[in-house]
Amino acid sequence: MISHHIFLIGFMGAGKSTIAGCLKEMLNMNLIEMDQEIVQKEGMPIAQIFAEKGEEYFRQAETKLLASLSQESPAVVSCGGGAVMREENVTLMKKNGKIVLLTASPETIYLRVKDSQERPVLNGNMNVEYISSLMEKRRPFYEGAADLTISTDQKSPEEISKEIISNLDKALA
């Protein structure tokens with residue numbers, strides 16, 4: 001049914017992994033969790049990669065993974081929150097598929113991530129104000145990359161997934 005990758009982008013906690021799983025089922029596509037792929041390849045959690053090898057190393061790993069996807073059959077790809085901060089990554093995504101930006105309010109994001117220890121970018125800044133400020137810095141990158149933007153606030157994963165499928169169908173028509 002879908003002949004290209006669907007890249008889900010957005011801030012941490014926007015719902016990328018949840019929606020990717022739902023789309024995988026609804027569209028009968030493969031699922032690629034970029035962060036999990038990198039963790040598996042590196043043999044250590046993201047926080048440890050950041051601490052031992054640095055954020056730049058991690059961002060390079062994201063770019064290598066995105067480049068390799070041109071050889072893969074169409075999949076739903078849940079991107080790391082910072083993947084679109086590199087122009088090279090956006091170019092690779094646009095070449096290989098459609099980019100869907102998932103958004104949520106800073107308050108919703110906080111509620112979703114507040115108990116997580118796997119968010120190195122927030123290092124000790126787990127509060128709505130910091131999240132809001134970081135979201136605002138990233139917003140132009142997210143919006144500049146997106147082919148489609150969907151709010152995830154107060155919607156079920158099924159509602160969000162149906163909205164994505166419906167709008168992607170229109171975009172491809």
Side-chain angles (χ1 to χ4, degrees), residues 1-42 46 58-106 108-109 112-113 116 118-119 121 131 134-135 137-173:
M1 183 172 136
I2 304 273
S3 60
H4 56 272
H5 295 301
I6 299 171
F7 294 98
L8 299 180
I9 65 168
F11 200 76
M12 64 188 85
K16 297 180 298 289
S17 294
T18 301
I19 301 311
C22 198
L23 284 171
K24 170 197 184 305
E25 295 303 318
M26 291 175 132
L27 297 171
N28 194 28
M29 291 175 75
N30 290 331
L31 169 61
I32 298 169
E33 281 278 355
M34 284 185 60
D35 286 351
Q36 283 180 9
E37 294 277 329
I38 293 168
V39 164
Q40 189 175 353
K41 184 179 179 295
E42 294 295 325
I46 293 171
F58 179 79
R59 299 300 172 203
Q60 267 302 97
E62 287 180 320
T63 301
K64 285 181 192 166
L65 179 55
L66 285 168
S68 75
L69 294 180
S70 65
Q71 310 303 315
E72 302 286 329
S73 56
V76 178
V77 182
S78 177
C79 300
V84 297
M85 303 305 286
R86 278 185 163 199
E87 187 61 38
E88 183 180 1
N89 291 350
V90 174
T91 301
L92 287 165
M93 286 186 254
K94 291 241 182 230
K95 189 175 114 190
N96 294 309
K98 292 292 178 191
I99 303 173
V100 178
L101 169 60
L102 300 179
T103 64
S105 71
T108 298
I109 298 288
R112 291 177 182 169
V113 304
S116 172
E118 297 297 315
R119 312 286 178 172
V121 173
I131 289 169
L134 190 53
M135 285 174 75
K137 282 183 196 150
R138 290 184 175 184
R139 190 168 55 83
F141 293 95
Y142 290 139
E143 291 176 355
D147 293 310
L148 175 63
T149 301
I150 304 285
S151 169
T152 65
D153 285 310
Q154 292 150 0
K155 293 180 196 166
S156 73
E158 292 75 21
E159 289 172 314
I160 297 161
S161 298
K162 285 177 183 169
E163 191 175 339
I164 291 169
I165 293 165
S166 165
N167 283 288
L168 277 179
D169 282 349
K170 289 177 197 160
L172 298 171

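Residue indices begin at 1 and follow the sequence shown.
Note that CG of Asn28 is 12.5 Å distant from CG of Leu23, once rounded to the nearest 0.5 Å. Here His4 contributes atom NE2 and Ile2 contributes atom CD1; the two are 5.0 Å apart, rounded to the nearest 0.5 Å. The distance from the CG atom of Leu92 to the NZ atom of Lys95 is 6.0 Å, given to the nearest 0.5 Å. Taking CE from Met12 and CG from Leu134, the interatomic distance works out to 6.0 Å, rounded to the nearest 0.5 Å. One distance of note links CD1 of Ile6 with NZ of Lys24; it measures 13.0 Å at 0.5 Å rounding. Rounding to the nearest 0.5 Å places CG of Leu102 at 5.0 Å from CG of Leu8.
Donor-acceptor pairing under 3.5 Å is recorded for the side chains of Ser17 and Glu33.
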Could you please spell out the steps behind the salt bridge (charged side-chain N to carboxylate O under 4.0 Å, His left out) verdict for Glu159 and Lys162? CA-CA 5 Å; Glu159 289 172 314; Lys162 285 177 183 169; over 6 Å; no
* Where do Ile99 and Tyr142 land on the side chain to side chain contact (heavy atoms under 4.5 Å, CB included) test, with the steps shown first? -> CA-CA 10 Å; Ile99 303 173; Tyr142 290 139; over 6 Å; no
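Nearest approach of Ala146 to Leu101, heavy atoms of both residues: CB-CB, 3.6 Å. Between Lys98 and Asp147, the closest heavy-atom pair is CA-OD2, 3.3 Å. Nearest heavy-atom pair, Ala104 versus Ile109, reported as atom, atom and distance to 0.1 Å: CB-CD1, 3.8 Å. Contact between Ser70 and Ala67 at its shortest, heavy atoms only, is OG-O, 3.2 Å. The minimum heavy-atom distance linking Ser73 with Asn30 is given by the pair OG-ND2, 3.5 Å. The two residues Thr18 and Pro157 have their closest heavy-atom pair at CG2-CG, 3.7 Å.
Lys16 places no side-chain N or O within 3.5 Å of a backbone atom of Gly80 that could act as its donor or acceptor partner. Distance alone, capped at 3.5 Å, places no donor-acceptor pair between the His5 side chain and the Val77 backbone. Between the Ser166 side chain and the Glu163 main chain, no donor and acceptor come within less than 3.5 Å of each other.
Using a 4.5 Å heavy-atom threshold, the side chains of Ile38 and Ile46 count as separate. Side-chain atoms of Leu66 and Met34, non-hydrogen and from C-beta on, do get closer than 4.5 Å to each other. In this structure the side chain of Glu25 never reaches within 4.5 angstrom of the side chain of Ser161, judged on heavy atoms. Using a 4.5 Å heavy-atom cutoff, the side chains of Val84 and Arg138 are not in contact. Within the 4.5 Å cutoff, the side chain of Phe11 has heavy atoms near those of the Ile131 side chain. Taking 4.5 Å as the limit, every side-chain heavy atom of Lys41 sits out of range of all side-chain heavy atoms of Leu65.
Thr152 is linked by a side-chain hydrogen bond (donor to acceptor under 3.5 Å, both in side chains) to Arg112, counting only residues two or more places apart in sequence or in another chain.
The number of heavy atoms from other shown groups lying within 6.0 Å of NZ (Lys94) is above 12.
Listed by first then second residue, pairs satisfying side chain to side chain donor-acceptor pair (under 3.5 Å) with a partner in residues 81-91 read Glu56-Arg86, Gln60-Arg86, Thr63-Arg86, Thr63-Asn89, not counting sequence neighbours.
Across Ile32, Asn96, Val76, a single residue satisfies side-chain contact (heavy atoms from CB on, under 4.5 Å) together with Phe7, and that is Asn96.
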